[in-house]
Asker: 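Okay, handing you the structure first.
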Amino acid sequence: MLADSLVGEPRRTAPKRPVALVPKAAAALSDRIGGNGAAVVLTAGSVAVGVLADRIAERRPALRLVTLAAGTWSVLGGARIAVDGTELARELESGDLESARRDISASDPRCTADLDLPALSRASIEIVADQTSAAVVSPLFWGALAGTPGLLGARTAAVLGRRRGARGEPGVVARRLDELAHLVPARLTAMLTTAAAPVVGGSAPSAWRAWRRDAAAHPDPNAGRAEAAFAGALEIRLGGRTVYPAGVAELPVLGAGRNPDAGHVTRAVELSRVVGLCALGVSVVVAALSGLRRR
């Protein structure tokens, strides 16, 4: 996690992290065995690679430390969230809405052509909240419970569940694997967001109320938890009418504050960092307790 924070994301001309290869592999396999088959093969394959790495390093503590650290760095997305979120906040602050629309479209399926500043800010914060759960909290949680197989499997499921295929959406199996892998981490993200809210000048009681009141009405059983907690913590409103290529979705309003702006996007990135550090602390405790139980 320290390497993810200090080294950050590789430059465009540098080799990408292994997780960046998952969408390409899914596209290649989907042409041969279908999207659902590709999701099963890639998720099972990533878990198998993790099991093999743990077996090889089982009696070698130094090697196990290296493989687990490398596996953690390879799947964490905290640096990417910070880079992309900060860039979006800068574009919104300067009024460069076209660039913001283009960047949001690269990571979210919603239609952005007609979105104004508040709507673009809302989309940016929703992306930050969702990615904090999927790319930081979830791999750390499963890594603490299951070691390298948990790290790789959870992150692969998240990437496949959010990948847009030839038909514009992931397969049914990919979505279900993503939902199952993030049932607990999504709720842990909401809990940590509530606890971390005061660190960025937010409101813990508001985050708790939004999470408990609004999240259950969201069609996504996981994303709604993190987004509602972020909305309450920053005392803004997220959700609402969202236009997708397949049609209009009337999503529930999350939170009870005002419409967000570029400043709230910056605070959301800061909140994501704090939640990531809290998730690291929780994962250390979970891993220690799990190790004591095995002994």
Side-chain angles (χ1 to χ4, degrees), residues 1-10 14-26 39-83 131-162 177-178 180-189 191-192 196 222 272-295:
M1 183 131 184
L2 182 63
D4 181 63
S5 299
L6 295 180
V7 178
E9 282 295 297
K16 300 299 181 182
R17 301 194 197 194
V19 72
L21 302 176
V22 173
K24 296 180 180 179
V40 173
V41 169
L42 288 173
T43 303
S46 64
V47 172
V49 169
V51 170
L52 179 61
D54 278 0
R55 284 292 180 88
I56 293 174
E58 187 173 9
R59 299 183 182 279
R60 303 171 183 174
L63 180 59
R64 179 170 173 76
L65 176 64
V66 172
T67 57
L68 188 58
T72 304
W73 176 82
S74 71
V75 300
L76 277 184
R80 173 53 61 193
I81 294 170
V83 169
Q131 286 298 314
T132 300
S133 175
V136 180
V137 178
S138 180
L140 287 174
F141 172 78
W142 285 111
L145 282 182
T148 309
L151 281 167
L152 302 184
R155 190 69 177 105
T156 300
V159 172
L160 294 174
R162 290 158 174 75
L177 287 173
D178 182 30
L180 288 173
H182 295 95
L183 279 175
V184 175
R187 286 147 183 82
L188 177 60
T189 301
M191 187 184 304
L192 296 177
N222 299 325
S272 175
R273 286 195 181 102
V274 178
V275 170
L277 291 174
C278 293
L280 175 62
V282 170
S283 69
V284 169
V285 173
V286 171
L289 293 177
S290 180
L292 289 174
R293 182 179 61 81
R294 284 195 297 270
R295 291 194 185 96

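Nothing here was measured: the structure is a model prediction, and the numbers come from that model.
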Asker: At their closest point, which heavy atom of Arg273 faces which heavy atom of Ala82, and how far apart are they?
Answerer: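 Result for this residue pair: NH2-CB, 3.5 Å.
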Asker: State, to 0.1 Å, how close Gly276 and Met1 come at their nearest heavy-atom pair, and which atoms those are.
Answerer: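 Shortest heavy-atom separation between Gly276 and Met1 comes out as O-CE, 3.3 Å.
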Asker: Flag the pair Val286 / Leu145 as yes when at least one side-chain heavy-atom distance between them is below 4.5 Å, and no otherwise.
Answerer: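 With C-beta onward as the side chain, the pair touches.
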Asker: Heavy-atom distance under 4.5 Å between the side chains of Val22 and Arg155, does that happen here?
Answerer: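 Not touching, per the 4.5 Å side-chain cut-off.
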Asker: Rounded to the nearest 0.5 Å, how far apart are CD1 of Ile56 and CG of Leu63?
Answerer: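 Here the interatomic distance stands at 8.0 Å.
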Asker: What distance do Leu188 atom CG and Leu183 atom CG have between them, rounded to the nearest 0.5 Å?
Answerer: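 It comes to 12.5 Å.
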Asker: Is the backbone of Ala181 close enough, under 3.5 Å, to the side chain of Trp142 for a donor and an acceptor to pair up by distance?
Answerer: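 Yes; at least one donor-acceptor contact below 3.5 Å.
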Asker: Any non-hydrogen side-chain atom of Pro139 less than 4.5 Å from a side-chain atom of Leu76?
Answerer: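 A side-chain contact under 4.5 Å exists here.
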Asker: Are Ser46 and Leu151 close enough, and set up right, to give a side-chain contact (heavy atoms from CB on, under 4.5 Å), and what steps lead you there?
Answerer: CA-CA 9 Å; Ser46 64; Leu151 281 167; over 6 Å; no
Asker: Looking at Arg64 and Ala57, would you say the former's side chain and the latter's main chain have a donor-acceptor pair under 3.5 Å?
Answerer: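 The answer is no, because no donor-acceptor pair under 3.5 Å joins these two groups.
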Asker: Are side-chain heavy atoms of Ser74 and Leu152 found at a separation under 4.5 Å?
Answerer: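 Yes. Closest side-chain heavy atoms under 4.5 Å.
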Asker: What distance do Thr189 atom OG1 and Gln131 atom CD have between them, rounded to the nearest 0.5 Å?
Answerer: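 If I round to the nearest 0.5 Å, the distance is 11.5 Å.
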Asker: Pair Val136, Val275 - check side-chain contact (heavy atoms from CB on, under 4.5 Å), show working.
Answerer: CA-CA 9 Å; Val136 180; Val275 170; over 6 Å; no
Asker: Going by heavy atoms in the side chains, are Phe141 and Ser283 under 4.5 Å from each other?
Answerer: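 They are not in side-chain contact.
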Asker: Could you go through the side-chain contact (heavy atoms from CB on, under 4.5 Å) check for Leu140 and Thr72 one step at a time?
Answerer: CA-CA 8 Å; Leu140 287 174; Thr72 304; 4.2 Å; yes
Asker: Could you point out which residue of Val51, Val47, Asp54 forms a side chain to side chain contact (heavy atoms under 4.5 Å, CB included) with Thr148?
Answerer: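 Of all the options given, the one that passes is Asp54.
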Asker: Tell me the closest heavy-atom pair linking Ser133 and His182, and the distance in Å.
Answerer: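 Residues Ser133 and His182, closest heavy atoms: O-CD2, 4.2 Å.
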Asker: Could you give the distance from CG (Leu177) to CG (Leu160), rounded to the nearest 0.5 Å?
Answerer: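 So the CG of Leu177 and the CG of Leu160 are separated by 8.0 Å.
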Asker: Tell me if a side-chain donor or acceptor on Asn222 pairs with a main-chain N or O of Ala186 at a distance below 3.5 Å.
Answerer: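 Looks like no, no N/O pair under 3.5 Å.
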Asker: Take Val282 and Leu192, measure what side-chain contact (heavy atoms from CB on, under 4.5 Å) needs, and give me the verdict at the end.
Answerer: CA-CA 9 Å; Val282 170; Leu192 296 177; 4.0 Å; yes
Asker: For Asp178 versus Ala157, what's the shortest heavy-atom pair and its separation?
Answerer: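 The pair with the smallest heavy-atom distance is CB-O, 3.6 Å.
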Asker: What closest approach, in Å, do Ala134 and Ser138 show between heavy atoms, and which atom pair accounts for it?
Answerer: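 Heavy atoms only, the tightest pair is O-CB, 3.8 Å.
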